[in-house]
Amino acid sequence: MSSHGDPIPMISAKSGPLSGVANVPGDKSISHRSLILGAMAVGETTITGLLEGQDVLDTAKAMRAFGAEVTDHGGGKWSVHGVGVGGFAEPDQVIDCGNSGTGVRLLMGAMATCDISVTFTGDASLNKRPMARVTDPLALFGCQSVGRSGGRLPMTLVGAPEPVPARYVVPVPSAQVKSAVLLAGLNAPGQTVVIEAEATRDHTERMLAGFGAEISTEVTDEGRVITLTGQPELRPQHIDVPRDPSSAAFPVCAALIVPGSDVLVPSIGLNPTRAGLFTTLREMGADLTYENERTEGGEPVADLRARFSPDLKGITVPAERAASMIDEYPVLSVVACFASGVTDMPGVKELRVKESDRIDAMAVGLRAAGVEVEDGPDWWRVTGLGHGNVPGGALCASHLDHRIAMAFLVMGMASNAPMSVDDGGPIATSFPIFEPLMAQLGAAVSRA
Ligand code: S3P
């Protein structure tokens, strides 16, 4: 079942050369944060290029329920009239975050130090995912929570009426956990300190600084030590959301494996905490170049040009790179099928607790499509067959996971027999224009 309606079966088949320009939507991580920080500022934040995917729309709806005025002006232009740090009202309904782990975890952090109670729920995928990783550190601020067994949604959080600041060493590489603690720290007096051993995406830190919070990051032997001074008055901003590298991954990877392709994907953020896939693909021998490299809004940006790459080779992806490409492993595993040799992907335990168990979801589908895959608790390995030798021809379960659905559909564009997914509905959470955009490049992808 798709998250918001009946399942949408989809199919893709061997495609002619892909060519043209792929304008992918706005960054999902930055879109959520724009709405949430806008709601915590005093005055009106304006946003252009917001991702209008279901995950972000659910966060917009939640921010309205917390008392912010959120307006859709059309064409990706939005405004948020914020209520100030500590100014959230208690929603009178359950907050449904749909499929979005980022949405629910960031919202939990943002309300944890306000004197309100909020009940959160989500779809069947989100309600299976671990929330204790967020509610444990939020308890340090004085926030209480009760949910289902295993720390799962639906869950009610009772915000701390008199919050105290926290010092927290994040035990898993998770930008969502780090961000939840920082957002909670905003309404606690004094200094909140978050320490991460491995660098994860740093959009929250960058944006908090942009909104005028006092925040600093120091790299020490313990890792990145982030210190935030609580109870600032956040100044409203204009945010131009960059295009999402995690969405760019799909047309880029499709171009690398479909013979004759040449695709330009403009204005993609290459923040080092997000760009691990592109480094990996280049190491595999991909014809992937960065054109017109520049800085926009403090972030490195380039136009990506991806061309068919006949000599891809399997590599070992360094474990320490995992956080910078965590959402891209499903589509990387598809590229690995078309490479020669083995692609080893160690240090990826977090893949097991995403919208689905992404190692399992991909391994089952790739095996059904004739590819050898081995996996363990925190690693997996794909044995490549090389161009022209990938059988395909499988019907795969997307498990309510947008990236699983898109990865298998990319595979079908180059495998010998078509690939089908039982439900492409979840694609709308992050990349609502995936099907028309890929079709316009020349991909044979459609609803089955
Ligand atoms: C995100 C962080 C990552 C990522 C997710 C978006 C964010 O999750 O997988 O799609 O915006 O902070 P984790 O924090 O669980 O690694």
Side-chain angles (χ1 to χ4, degrees), residues 25-37 50-51 53-56 58-59 97-110 122 125-126 128-137 151 168 170-184 194 196-208 224 226 239 241-242 244-250 269 271 273-277 299 319-332 347-359 361 378 400-404 406-407 426-427 429-431:
D27 190 283
K28 179 154 74 69
S29 294
I30 296 176
S31 293
H32 282 295
R33 287 159 173 81
S34 301
L35 293 169
I36 295 171
L37 288 174
L50 189 85
L51 165 65
Q54 193 55 48
D55 278 11
V56 176
D58 287 335
T59 291
C97 291
N99 191 249
S100 182
T102 306
V104 74
R105 290 179 176 138
L106 267 53
L107 290 173
M108 284 177 166
S125 156
L126 189 56
K128 280 189 210 150
R129 297 180 67 185
M131 294 299 143
R133 55 175 53 201
V134 170
T135 53
D136 285 352
Y168 190 65
V170 185
V172 285
S174 167
Q176 293 173 0
V177 175
K178 170 179 68 176
S179 302
V181 175
L182 290 171
L183 292 172
V194 192
E196 57 176 8
E198 284 176 54
T200 63
R201 66 192 69 195
D202 60 359
H203 306 302
T204 303
E205 297 93 302
R206 287 173 187 251
M207 292 177 74
L208 277 170
R224 283 157 45 93
I226 305 152
I239 299 163
V241 179
D244 197 328
S246 298
S247 295
F250 296 99
N271 178 323
T273 62
R274 294 290 298 280
L277 173 75
E299 298 264 356
E320 59 275 14
R321 193 181 291 160
S324 69
M325 51 179 288
I326 196 68
D327 290 332
E328 283 66 77
Y329 281 93
V331 75
L332 173 66
V348 291
K349 194 162 148 207
E350 281 295 298
L351 286 182
R352 298 224 178 256
V353 290
K354 294 294 179 186
E355 285 84 332
S356 66
D357 175 339
R358 285 183 170 160
I359 297 179
D378 66 347
L400 284 180
D401 188 332
H402 51 137
R403 301 200 199 281
I404 298 300
M406 288 186 279
I427 293 172
T429 61
S430 69
F431 199 162

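All ligand and atom numbering here is 1-based and tracks the order in the structure. Since we're looking at a predicted model, the values are computed, not measured.
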Using a distance-only test with no angle check, is there a side-chain donor-acceptor pair under 3.5 angstrom linking [X] and [Y]?
| X | Y | result |
| --- | --- | --- |
| S324 | R274 | no |
| T429 | Q54 | no |
| H32 | T59 | yes |

**OP:** With rounding to the nearest 0.5 Å, note down the distance linking CG in L400 to NZ in K128.
**Re:**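 Here the interatomic distance stands at 7.0 Å.
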
Subject >> Closest heavy-atom pair and its distance - K178, D202 >> reply: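 Shortest heavy-atom contact: NZ-CA, 4.0 Å.
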
Subject >> For F250, ring pair (Phe, Tyr, Trp, His ring centres under 6.0 Å) partners two or more places apart >> reply: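 F250: no ring pair (Phe, Tyr, Trp, His ring centres under 6.0 Å) contacts found.
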
**OP:** Using a strict cut-off of under 4.0 Å between a residue heavy atom and any atom of ligand 1, list the qualifying protein residues by chain and number.
**Re:**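 Answer by chain and number: K28, S29, R33, T102, P173, S174, A175, Q176, R201, I326, D327, K354.
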
